[in-house]
Amino acid sequence: MKDKLQAIKDEALKSIEEAKDLKILNDIRVNYLGKKGELTGVLRGMKDLSNEERPVIGQLANEVRNIIEETLEGAKTNLAKIERERKLTQEVIDVTMPAKKQEMGHRHPMNIVLDDIKAIFMGMGYEIAEGPEVEKDYYNFEALNIPENHPAKDEQDTFYINKDTVLRTQTSPVQIRVMENSKPPIRVIAPGRVYRSDEVDASHSPVFNQIEGLVIDKNITMADLKGALEVFIKELYGEKVKVKFRPHHFPFTEPSAEVDVSCVMCGGEGCRVCKGSGWIEILGCGMVHPKVLEMVGIDSKEYSGFAFGMGLERITMLRYGIKDIRLFYENDVRFLQQF
Ligand code: DAH
């Protein structure tokens, strides 16, 4: 029996030494120490031994068991370490490998042009003003000298929130808010969204963007208006562009004008964009009406000023030769990638 135990021990230690992974180690444990294992089989046979032999063999069996258990434990720790090291070398990250290329985002063409416009006016000392898109009827119409029943009020098909509140149809109400809240000299531009209940087509959208301008100071004349807008337009579209002031009417300015530029598509030859005329209208402007000044409590004998307003979509379409306003709102990356 002693020899048998010795043989079991030698065999077990040998197979433990040869074991290549944790699963094999576990099989060895079951084979030798498990309920149906070899060592357990020997221990069961102890009942047939003599009283003298039993404690000796018993002790030896225990020793063998302990040695096998210890060796198994040691081999397990060792194998786990080897396994871990294998994983570490196998899963090593090469930090010098080139990264996966990220697609770059693009600025929206309207944002590019708006930033340019802001930079031009800020260079001339203008500040940026803002006003609410949900606006009082008073600011959108009345304070701008557009009274009840004035045709301008119907022309600009207005979204009404209620009797006194509208979605602003123009950025001009920001003029009133700025004049109410600050003292001349005033020099601001006010970009923002405006709303009109228009059908969507290639040149109309019920939501679009305007940029308003307002200058109030002593001795401001139409020459200042012309000078400021000419500088602006040439910076935006280039020195070669021709600028023309054409008399017009707005209730909040007197005199009023519309500004045309030589067609940026055909250079003034005449094309489909300028409908053969060689000119394109890009903004409305004028000298702030004395009634508007009085409405906000500015003395029209001491102060005068000019105002202007333009559509950002239109200006951007002309800058890049974009033919359909809907492209701005669809955010198709194939369109946006081009800017
Ligand atoms: N608010 C006008 C519009 O939406 C544009 C405009 C014209 C603004 C003349 C002005 C201006 O400030 O002086 O059609």
Side-chain angles (χ1 to χ4, degrees), residues 117 121 126-133 135-147 150-159 166-180 186-198 203-217 220-230 232-233 243-261 280-293 295-296 298 300 303-315 325:
I117 293 175
F121 280 107
Y126 288 62
E127 287 171 58
I128 311 289
E130 272 181 27
E133 292 172 25
E135 185 56 286
K136 290 277 166 221
D137 180 285
Y138 173 79
Y139 288 103
N140 197 76
F141 295 120
E142 210 178 312
L144 287 161
N145 197 33
I146 309 171
H150 191 285
K153 234 175 138 165
D154 302 331
E155 267 169 24
Q156 304 178 336
D157 266 351
T158 307
F159 288 115
V166 301
L167 292 182
R168 66 178 179 194
T169 62
Q170 48 186 355
T171 43
S172 304
V174 185
Q175 288 185 33
I176 306 299
R177 290 182 173 272
V178 168
M179 287 189 285
E180 276 186 353
I186 290 168
R187 225 178 242 104
V188 293
I189 58 166
R193 258 185 229 117
V194 301
Y195 301 82
R196 292 183 198 178
S197 108
D198 282 332
S203 54
H204 291 87
S205 158
V207 187
F208 60 104
N209 290 267
Q210 285 189 335
I211 300 157
E212 194 77 14
L214 176 72
V215 170
I216 306 282
D217 204 348
I220 297 287
T221 70
M222 193 100 186
D224 298 307
L225 165 62
K226 273 194 83 179
L229 289 181
E230 271 173 12
F232 160 64
I233 289 164
V243 184
K244 179 167 87 176
F245 285 71
R246 183 167 38 73
H248 199 73
H249 172 264
F250 297 104
F252 36 90
T253 45
E254 180 59 34
S256 304
E258 276 189 338
V259 173
D260 297 343
V261 294
I280 292 178
E281 178 255 310
I282 60 156
L283 59 81
C285 61
M287 301 306 293
V288 179
H289 200 296
K291 274 196 187 167
V292 173
L293 292 175
M295 206 100 67
V296 293
I298 293 179
S300 64
Y303 289 103
S304 57
F306 64 80
F308 54 89
M310 62 192 115
L312 179 58
E313 279 81 351
R314 190 173 165 75
I315 302 251
I325 198 171

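As the structure lists them, so they are numbered: ligands from 1, and atoms in each ligand from 1.
Geometrically, ligand 1 and Gly284 share no nitrogen or oxygen pair separated by less than 3.5 Å. At least one N or O atom of Arg196 sits closer than 3.5 Å to an N or O atom of ligand 1.
Ligand 1 is approached by Gln210 to a heavy-atom distance shorter than 4.0 Å.
Heavy-atom proximity to Thr253, at under 4.0 Å, picks out these atoms of ligand 1: 13 (O). In summary, the atoms of ligand 1 found under 4.0 Å from a heavy atom of Ser172, numbered by their order in the structure, are 1 (N), 8 (C). Short contacts between ligand 1 and Gly286, defined as distances under 4.0 Å to a heavy atom of the residue, involve ligand atoms 13 (O). In the vicinity of Gln170, heavy-atom distances shorter than 4.0 Å reach the ligand 1 atoms 1 (N), 2 (C), 3 (C), 4 (O).
Under 4.0 angstrom from ligand 1, the non-hydrogen atoms of Ala307 come from both its backbone and its side chain. Under 4.0 angstrom from ligand 1, the non-hydrogen atoms of Gln175 all belong to its side chain. By the criterion of a heavy-atom distance under 4.0 Å, the side chain of Phe252, and not its backbone, is placed next to ligand 1.
Atom CD1 in Ile117 sits 7.5 Å away from atom CD1 in Ile189 (nearest 0.5 Å). In this structure, CZ in Phe308 is found 12.0 Å from CD in Gln210, a value given to the nearest 0.5 Å. In this structure, Leu293 CG and Gln175 CD are separated by 9.5 Å, a value rounded to the nearest 0.5 Å.
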**OP:** Applying side-chain contact (heavy atoms from CB on, under 4.5 Å), run through Arg246 and Glu281 and close with a yes or a no.
**Re:** CA-CA 9 Å; Arg246 183 167 38 73; Glu281 178 255 310; 3.7 Å; yes
**OP:** Could you give me the CA-CA distance, side-chain angles and deciding distance for Tyr126 and Val215, then say whether side-chain contact (heavy atoms from CB on, under 4.5 Å) is met?
**Re:** CA-CA 9 Å; Tyr126 288 62; Val215 170; 3.2 Å; yes
**OP:** Begin with the C-alpha distance, continue with both residues' side-chain angles, and end with the deciding distance and a verdict on side-chain contact (heavy atoms from CB on, under 4.5 Å) for Ile146 and Gln170.
**Re:** CA-CA 12 Å; Ile146 309 171; Gln170 48 186 355; 3.8 Å; yes
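Taking every heavy atom of both residues into account, Pro173 and Glu135 meet most closely at CB-OE2, 3.6 Å.
Without hydrogens or angle criteria, Asn145 side chain to Pro251 main chain gives a donor-acceptor distance under 3.5 Å.
Scanning Met310, Arg168, Glu212 for the heavy atom closest to atom 10 (C) of ligand 1 points to Glu212.
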